[in-house]
Amino acid sequence: MSNIVILGCFFIAVSAFLYASKHMTAAMMVMNLNSTEANYFDGGYSSISTGISFWTGLSLLVGITLLLLDWFPAIKGFLKQIKQPKNKTSH
């Protein structure tokens with residue numbers, strides 16, 4: 001496993017952590033406000049700024065890009081093999 005793949009997986013893991021952190025933060029904000037008549041989680045979730053969503057998306061994009069950069073030569077070779085199959089000669 002190359003270093004680029006490890007780095008790509010790291011960025012995807014950071015993205016997953018940030019995504020979960022946003023939900024946990026919203027849940028902690030409204031922990032004592034919820035009642036049986038109303039659920040305030042949506043309000044707490046929307047009150048969290050878009051900054052964490054931006055970094056989550058950016059981290060996911062960087063991770064996927066790094067993985068694709070490492071796998072690009074293999075994908076390119078596979079596609080080339082599909083376009084130009086080897087000719088089988090019969091004897």
Side-chain angles (χ1 to χ4, degrees):
M1 191 182 272
S2 72
N3 290 337
I4 293 177
V5 172
I6 294 171
L7 191 60
C9 290
F10 172 76
F11 275 106
I12 291 173
V14 167
S15 176
F17 176 77
L18 289 173
Y19 183 76
S21 296
K22 184 174 183 179
H23 286 80
M24 291 299 294
T25 303
M28 283 187 251
M29 279 177 40
V30 297
M31 184 170 41
N32 294 324
L33 298 177
N34 288 339
S35 65
T36 55
E37 293 86 27
N39 186 356
Y40 297 104
F41 180 77
D42 292 333
Y45 189 77
S46 65
S47 69
I48 298 172
S49 67
T50 58
I52 197 165
S53 297
F54 170 76
W55 291 111
T56 301
L58 184 66
S59 178
L60 182 64
L61 182 66
V62 168
I64 290 173
T65 302
L66 288 172
L67 288 177
L68 289 177
L69 284 176
D70 188 64
W71 296 337
F72 182 71
I75 294 170
K76 187 177 177 182
F78 180 72
L79 292 176
K80 188 176 182 181
Q81 184 181 10
I82 290 174
K83 289 181 181 177
Q84 299 172 356
K86 294 180 181 178
N87 293 334
K88 293 183 179 180
T89 58
S90 59
H91 294 273

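Note that this is a predicted model, so its numbers are computed, not measured.
- Heavy-atom minimum distance, Ile48 versus Met29: CG1-SD, 4.2 Å.
- Put simply, the residue from Leu60, Val62, Thr65 that forms a side chain to side chain contact (heavy atoms under 4.5 Å, CB included) with Phe11 is Val62.
- Ile12 is not connected to Leu61 by any chain of hydrophobic side-chain contacts under 4.5 Å among Ile, Leu, Val, Met, Phe, Trp and Tyr, and they are in different clusters.
- Just one residue in the list Leu67, Leu69, Leu66 forms a side chain to side chain contact (heavy atoms under 4.5 Å, CB included) with Val5, and that residue is Leu67.
- Ser59 contributes atom OG, which lies 9.5 Å from atom CD1 of Ile64 (distance to the nearest 0.5 angstrom).
- One distance of note links CD1 of Ile52 with NE2 of His23; it measures 10.5 Å at 0.5 Å rounding.
- Phe54 and Tyr19 fall into different hydrophobic clusters, defined by Ile, Leu, Val, Met, Phe, Trp and Tyr side-chain heavy atoms under 4.5 Å apart, directly or through other members.
- A donor-acceptor pair under 3.5 Å is formed between the side chain of Ser21 and the backbone N or O of Phe17.
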